[in-house]
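I have placed the structure first, in the form of structure tokens, so that the comments after it can refer back to it.
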Amino acid sequence: MSTSTGSATTGTGELPHAATAEGLPEATGADVRVRFCPSPTGTPHVGLVRTALFNWAWARHCGGSVVFRVEDTDAARDSQESMDAIVEALAWVGIDYDEGPGVGGPHAPYRQSERGDLYAEVARRLLDEGHAYASYSTPEEVEERHRAAGRDPKLGYDGFDRDLTPGQVRAFRDQGREPVLRVRMPDEDVVVDDLVRGEVVFPAGSVPDFVVVRANGQPLYPLVNPVDDAVMGITHVLRGEDLLSSTPRQVVLHRALVEMGYSRRVPRFGHLPLVLGEGNRKLSKRDPESDLFRHRERGLLPEGMVNYLGLLGWSIGPDRDVFTPAEMVAAFDARDIGANPARWDQKKAEAINGDHVRMLAPEVLLERLLPYLRAGGVLEGEPTEEQRRLLAAAVPLVQTRMAVLSEGPGMLGFLLVGDDALVVEDDAVASLRAEAAEVLDVSAAALVDLAEWDAVALEATLRAAVVDGLGVKPKLAFGPLRVAVTGRRVSPPLFESMELLGRASTLHRLAALRQRVS
RNA sequence: GCCCUCAUCGUCUAGCGGCCCAGGACACCGCUCUUUCACAGCGGCAGCACGGGUUCGAAUCCCGUUGGGGGCACCA
């Protein structure tokens, strides 16, 4: 879906912020540019998608642009499979983008592996213009110096190479050492005006000078990420809170980039609360709930996924929590993002999804169910005319009964498989009581010559024969029939199911169960 | 250890000084409907972490404590 709304002006026109730290007014409306920049490692993570969603919603709300950029600077871990999976994930949840790989745009290429020249140029200027310096210290040496001075060895880089004398440099070179490039952190506090947290102060000296280019010349994330954001004109960076502590470094680099003319202003940052998994830990790749495609297999709808993700750290308004992606875009304001971490709650995700299942037109639900029916082994390939007719009649009956699409095969399978292939579940058989045999006999007899084979007639006839005739309570009377016809204790409404199944199959299945209980 | 950050029902949250002895949703427990299960409806359980301030008045502002989370790489 490509969700652009006409109500894009709400909320952005009356921004209270006069200006960013750098003096330029904060971008608003169509000037807003956000980016989604995953590194293609592993399978798509719900946290990743949530971040993308918030950025996307903000840009679309404002009428701005979304840039998709690939941070593939780690050749060892990056893979094309992962890249494909990310593209697929975005498409699935309906997050579209205006610029990116496969789409193009004014700042192409959008893969960092193809932007090396730019990074090399920036690195050289950073060095030439004094924002960065060559650093020869190894981590071991830094630690050693801390230890020698009685400091905590884990303190981080100590600034040793900031002002090396020509003699020292010569000595290092003579040893055959190649330096890394380090950016010099200022000797004053760095203040970040975060969109969701307000002013965050990082005290001078608390953030060590950081490496941006390896000794072998390879540019690192702390360089390429801000450089691309600057060059691509990104105005807002919404990202996970785990990156908050690296923000002062980014801001310092951005300031240098502005000074060198690569961009006009430092982007506005907003740090989203983390999504937590079991045991209050950050949801990691190891947690099964973190796998987006696993939720798709489970049968969450993209609308349900977007809705639930939107609930994690944001609220569309008081007393409301079910909304469509379009409604989210219309209402989304990055300044309304909450700051406290949120736990992934599978039950709630599925409950929300159930609401979306119910919001679907039955024909649409039917189409969406097809892949799950195949995966569940009750359908092969395209449904036949007859199967389609059955499904069209049955889907409305199950629509209020399921929260996730993977429940489809269990609910509808009895209509699609042959009588002999019907699986009667063990717990369904176990639920049968003593009168089951008699109930099945009497029912079969009553149905053989039934004139009108429809739900109304079926109910009237069976009620008369079993409930009245045998004096069995409805609950006990219809249980065996349900098990016989659908193979399960829980199913769509019984008489409608029998009507759809037809007389021959119904009687066949009644007889089959009768035999089994004798 | 250092730096940052968060703090309302079990969970997600509304609340941005009086409308709140705190509202909604999920979960849970009842009841209604009912051929099962759902859906729907009704009702219930359950929370402002603690301590100081500020104020006529604090869930809302300030400070501290405690607790949770994140980050401290030549990964991203």
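Below, read A as the first sequence line, B as the second, and so on, with proteins coming before strands; counting in each chain starts at 1.
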Tell me the interatomic distance from [X], atom [atom1], to [N], atom [atom2], rounded to whole angstroms.
{"X": "A:D345", "N": "B:C26", "atom1": "CG", "atom2": "P", "value": "11 Å"}
{"X": "A:R320", "N": "B:G15", "atom1": "CZ", "atom2": "P", "value": "15 Å"}
{"X": "A:Q250", "N": "B:C72", "atom1": "CD", "atom2": "P", "value": "13 Å"}
{"X": "A:Q346", "N": "B:C12", "atom1": "CD", "atom2": "P", "value": "15 Å"}

Please report the closest heavy-atom contact between [X] and [Y], naming both atoms and the distance.
{"X": "A:L155", "Y": "A:P208", "value": "O-CG, 4.4 Å"}
{"X": "A:D187", "Y": "A:A204", "value": "O-CB, 3.4 Å"}
{"X": "A:C37", "Y": "A:N225", "value": "SG-ND2, 3.8 Å"}

Residue [X], side-chain heavy atoms: nucleotide from [options] that is nearest:
{"X": "A:N340", "options": "B:A76, B:C26, B:C6", "result": "B:C6"}
{"X": "A:Y221", "options": "B:A76, B:C39, B:U11", "result": "B:A76"}
{"X": "A:D74", "options": "B:C3, B:C6, B:A76", "result": "B:A76"}
{"X": "A:S206", "options": "B:A27, B:C39, B:C3", "result": "B:C3"}

Base-pairing mate for [N] - Watson-Crick or G-U, with both contacts under 3.5 Å:
{"N": "B:U55", "answer": "none"}
{"N": "B:C2", "answer": "B:G71"}
{"N": "B:A25", "answer": "B:U11"}
{"N": "B:C20", "answer": "none"}
{"N": "B:C45", "answer": "none"}

- Contact letters for nucleotides 29-37 of chain B, in which S counts primed atoms plus P, OP1 and OP2 and B counts the base, heavy atoms under 4.0 Å: ------BBB
Suppose you measure atom [atom1] in [N] against the same atom in [M]; what distance do you get, rounded to whole Å?
{"N": "B:G1", "M": "B:U60", "atom1": "C1'", "result": "35 Å"}
{"N": "B:G18", "M": "B:A27", "atom1": "C1'", "result": "34 Å"}
{"N": "B:U36", "M": "B:C20", "atom1": "P", "result": "41 Å"}
{"N": "B:G43", "M": "B:C48", "atom1": "C1'", "result": "25 Å"}
{"N": "B:A14", "M": "B:C19", "atom1": "C1'", "result": "14 Å"}
{"N": "B:C4", "M": "B:G23", "atom1": "P", "result": "37 Å"}
{"N": "B:U5", "M": "B:C9", "atom1": "P", "result": "22 Å"}
{"N": "B:U55", "M": "B:A49", "atom1": "C1'", "result": "23 Å"}

Sub-3.5 Å pairs of nitrogen or oxygen atoms, protein against nucleotides 64-71 of chain B:
| residue | atom | partner | partner atom | Å |
| --- | --- | --- | --- | --- |
| B:G70 | OP1 | A:K282 | N | 3.2 |
| B:G70 | OP2 | A:R281 | NH1 | 2.9 |
| B:G71 | OP1 | A:K282 | NZ | 3.2 |
| B:G71 | O4' | A:S245 | OG | 3.3 |
| B:G71 | O2' | A:S245 | OG | 2.9 |

Cut-off 3.5 Å, side chains only: do [X] and [Y] have a donor facing an acceptor?
{"X": "A:R184", "Y": "A:H131", "answer": "no"}
{"X": "A:E303", "Y": "A:N307", "answer": "no"}
{"X": "A:R77", "Y": "A:S39", "answer": "no"}

- Item | Within residues 305-318 of chain A or reaching into it, pairs that qualify as salt bridge (charged side-chain N to carboxylate O under 4.0 Å, His left out) - sequence neighbours excluded |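 Passing the test, one end in residues 305-318 of chain A: no pairs.
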- Message: Counting neighbours of CD on A:E438 that are heavy atoms of other residues, nucleotides or ligands and sit closer than 6.0 Å, is the number greater than 12?
- Response: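 No.
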- Message: Checking side-chain contact (heavy atoms from CB on, under 4.5 Å) between A:R35 and each of A:D228, A:V67, A:N55, which is the one that passes?
- Response: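 Only one of A:D228, A:V67, A:N55 forms a side-chain contact (heavy atoms from CB on, under 4.5 Å) with A:R35, namely A:V67.
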- Query: Would a distance-only check, ignoring hydrogens and angles, find a side-chain to backbone donor-acceptor pair under 3.5 Å from A:D454 to A:A457?
  - Reply: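 The answer is yes, because a donor-acceptor pair under 3.5 Å joins these two groups.
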- Heavy atoms under 4.0 Å, any strand shown: does A:G313 hit a base, just sugar-phosphate, or nothing?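 Here A:G313 touches the backbone only, sparing every base.
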- Message: Any base atoms under 4.0 Å from A:T73, or only sugar-phosphate, or nothing? Heavy atoms, all strands.
- Response: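 Touches sugar-phosphate only.
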- Task: Report yes or no: is there a donor-acceptor pair, N or O only, under 3.5 Å between the side chain of A:K348 and the base of B:A25?
- Result: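 By the distance-only test, yes, there is a pair.
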- Measure from the ring center of A:F54 to the ring center of A:F332 and say whether it is less than 6.0 Å.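 Ring centres of A:F332 and A:F54 closer than 6.0 Å.
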